[in-house]
Amino acid sequence: MTSSTPERSSPARRPLLTRRNLLASTGIAAAGVSAGPLLGWSSAQAVVSPDCSPGTTAPVPPTARGPAIPAAGYLVQEIADRVYWLTDGLYQMIFVTTAEGVVAVDAPPTIGKNILRAIATVTNSRVTHAIYSHHHADHTGAMILYQGARFFAHREVADLLRQTNDPNRPLPDVTFDRHLTVQAGEDVLDLAYHGANHSPGNIFVNLPAQRVLMLVDVVFPGWVPFAYLAESQNIPGWLEAPAQALRYPFDTYIGGHLTRLGTRDDVLIQQEYVAELKAQAVSAIASFNPASVYQSVDPTNPWAIFRAYLDGVAGQTANAVIPNWIDRLGGADVYTLPNAYQLVESLRIDYGQLGPFGIHP
């Protein structure tokens with residue numbers, strides 16, 4: 001057996017982990033993991049026949065659902081004094097209408113020119129300040145729309161933008177290392193960098209007067225994190241970021257993704273999910289028997305052996321976690337397995353929990 005867990009360097013090739021293809025896409029059955037609990041079939045709200053049609057997933061919990069997106073393709077709402085939330089149901093950004101003009105944070109290309117249309121529905125002012133939450137193009141790939149604005153970003157973001165040389169993401173005019181206050185009229189946005197988490201330069205955007213905090217790709221209100229712990233580049237930093245967020249006195253949380261606004265409770269709930277995932281990963285690393293994979297892999301192929309071992313440990317972890325979360329967070333059956341895989345890898349290579357691959361006696 002050789003597992004078909006997607007290559008880490010080719011995210012676009014990763015198939016959707018649905019109930020039907022979950023085992024086939026990971027080789028978990030050959031690794032000795034029970035299919036039923038892993039797929040969540042023990043949950044009354046998630047019972048699906050093994051011969052269900054491709055793409056069938058567990059029902060989305062009510063707590064994950066957000067407001068309907070109008071026919072225009074976007075929703076804009078004032079969520080605090082002069083602070084507007086803009087979403088297409090998949091990506092999110094905010095903008096602030098100030099006495100000096102509009103301050104925009106991010107520009108997701110999926111929303112695209114609807115950003116300018118949405119702004120025009122609430123003010124005649126143009127965007128004068130544009131802030132990068134981080135450099136990733138899925139959140140900032142339409143920053144070019146803010147022609148004539150002054151651009152702000154962390155120094156690491158500026159360096160990464162120079163490397164990628166994307167004409168749709170202009171280089172920032174102002175950079176900083178740890179903290180920067182952006183003031184427009186009487187409105188203040190505090191930008192802070194607490195170290196690498198999801199990516200180098202991913203910042204906390206705090207609006208203290210309005211009690212709004214924006215931190216992208218860390219907490220996903222109502223949902224489990226995107227695959228591989230949000231494709232984060234620094235897992236220990238990503239794991240710490242929610243606790244850093246809770247030190248801010250915010251009421252409303254903007255996570256950059258999916259269906260609804262967040263609250264402090266959403267941050268706590270994700271911490272709970274990740275803590276359980278981590279505890280089960282630690283247990284799986286300690287208890288999974290690597291000898292169990294040799295019966296079905298090529299014994300002359302070390303990569304096949306090691307990959308089957310990692311798939312088995314991740315599968316055992318997900319098997320224990322999914323049933324507890326399938327009714328609490330959206331996508332628990334879709335992305336818990338790749339999240340488990342990433343956490344297992346971080347525990348091994350970042351934290352030194354190597355299981356059978358520790359110091360040879």
Side-chain angles (χ1 to χ4, degrees), residues 79-86 91-109 111-112 115-116 118-119 123 125-218 233 237 241 244-245 248 250 252-256:
I79 59 174
D81 191 19
R82 299 181 308 283
V83 180
Y84 292 84
W85 175 59
L86 176 58
Y91 283 86
Q92 307 171 355
M93 60 165 288
I94 60 172
F95 63 90
V96 187
T97 57
T98 80
E100 292 186 14
V102 174
V103 181
V105 185
D106 285 354
I111 306 177
I115 298 171
L116 301 183
I119 292 173
T123 180
S125 298
R126 67 178 184 87
V127 176
T128 54
H129 302 67
I131 298 170
Y132 282 93
S133 67
H134 63 312
H135 78 285
H136 288 165
D138 62 326
H139 290 275
T140 62
M143 297 291 274
I144 191 66
L145 295 175
Y146 305 142
Q147 292 281 356
R150 191 167 179 80
F151 289 84
F152 301 80
H154 187 266
R155 178 178 50 80
E156 294 267 13
V157 169
D159 292 341
L160 289 163
L161 291 176
R162 289 189 189 94
Q163 288 181 348
T164 55
N165 194 30
D166 180 0
N168 291 320
R169 289 176 286 167
L171 292 176
D173 302 292
V174 180
T175 62
F176 67 100
D177 288 321
R178 304 302 299 182
H179 182 264
L180 178 69
T181 298
V182 176
Q183 185 159 359
E186 297 181 355
D187 290 283
V188 171
L189 293 87
D190 286 327
L191 314 183
Y193 185 58
H194 299 298
N197 46 64
H198 170 63
S199 66
N202 194 34
I203 61 172
F204 294 67
V205 181
N206 181 41
L207 289 80
Q210 292 95 343
R211 297 179 66 86
V212 172
L213 179 68
M214 183 171 180
L215 175 62
V216 174
D217 285 335
V218 172
Q233 295 170 264
Q244 294 167 341
Y248 288 86
F250 68 90
T252 303
Y253 182 95
I254 311 295

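None of the values given here were measured: they were computed from a predicted structure. Heads up: numbering here begins at 1 and tracks the sequence.
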Apply side chain to side chain contact (heavy atoms under 4.5 Å, CB included) to the pair V218 and N202, showing each step before the final yes or no. CA-CA 10 Å; V218 172; N202 194 34; 4.1 Å; yes
Which atom names give the shortest non-hydrogen contact between R162 and D159, and what distance separates them? NH1-OD1, 3.0 Å
Treating Q233 as the side-chain partner and S199 as the backbone partner, does any N or O pair qualify as donor plus acceptor under 3.5 Å? no
M214 and side chain to side chain contact (heavy atoms under 4.5 Å, CB included): which single residue from N206, D106, L189 fits? D106
Could you check whether T181 and D190, counting side-chain N and O atoms only, form a donor-acceptor pair closer than 3.5 Å? yes
Give me the atom names and distance for the closest heavy-atom approach of P109 to A137. CD-O, 3.3 Å
Does H179 form a ring pair (Phe, Tyr, Trp, His ring centres under 6.0 Å) with Y193? I'd like the steps, not just the answer. CA-CA 6 Å; H179 182 264; Y193 185 58; over 10 Å; no
Apply side chain to side chain contact (heavy atoms under 4.5 Å, CB included) to residues D187 and V103 and explain how you reach the verdict. CA-CA 9 Å; D187 290 283; V103 181; over 6 Å; no
Measure the spacing between CG of D138 and NE2 of H135 and express it to the nearest 0.5 Å. 9.5 Å
Which of parallel (below 30°), tilted (30 to 60°) and perpendicular (above 60°) describes H136 and H134? perpendicular
How long is the straight-line distance from CZ of F204 back to CG of L213, given to the nearest 0.5 Å? 7.0 Å
Run the side chain to side chain contact (heavy atoms under 4.5 Å, CB included) check on V157 and T140 step by step: do they pass? CA-CA 11 Å; V157 169; T140 62; over 6 Å; no
Is there a side-chain contact between Y132 and L161, using heavy atoms and a 4.5 Å cut-off? yes
Output the distance between atom CG (L86) and atom CD (Q92), rounded to the nearest 0.5 Å. 9.5 Å
Measure across V216 and H198 and return the closest heavy-atom pair with its distance rounded to 0.1 Å. O-CB, 4.4 Å
Using side chain to side chain contact (heavy atoms under 4.5 Å, CB included), reason through I115 and F95 one step at a time and then give a plain yes or no. CA-CA 9 Å; I115 298 171; F95 63 90; 5.8 Å; no
With a 4.5 Å heavy-atom cut-off, do V188 and Q183 have their side chains touching? yes
Measuring only between side-chain heavy atoms, which start at C-beta, is L160 closer than 4.5 Å to P200? yes
Just wondering, do H154 and F176 contact through their side chains at under 4.5 Å, heavy atoms? yes
In this structure, CD1 of I79 is separated from CH2 of W85 (nearest 0.5 Å) by 8.0 Å
Taking every heavy atom of Y91 against every heavy atom of P108, the minimum-distance pair comes out as CB-CB, 3.7 Å
What one should report as the nearest heavy-atom pair of T175 and A158 is CG2-CB, 3.8 Å
Flag side-chain contact, heavy atom, 4.5 Å: I203 against L180: no
Which heavy atom of V102 sits nearest a heavy atom of S125, and at what distance? CG2-O, 3.8 Å
Distance-only, no hydrogens or angles: does the Y146 side chain make a donor-acceptor pair with backbone N or O of I131 under 3.5 Å? no
Nearest 0.5 Å please: distance from the NE2 atom of H139 over to the CZ atom of R169. 11.5 Å
Among all residues two or more places apart in sequence or in another chain, which pass the side chain to side chain contact (heavy atoms under 4.5 Å, CB included) test with E100? T98, H129, A184
Do L207 and I94 make a side-chain contact, defined as non-hydrogen atoms from C-beta onward lying under 4.5 Å apart? yes
Is the backbone N or O of A142 less than 3.5 Å from a side-chain atom of N168, with the two atoms forming a donor-acceptor pair by type? no
Drop me the distance from L145's CG to I119's CD1, to the nearest 0.5 angstrom. 9.0 Å
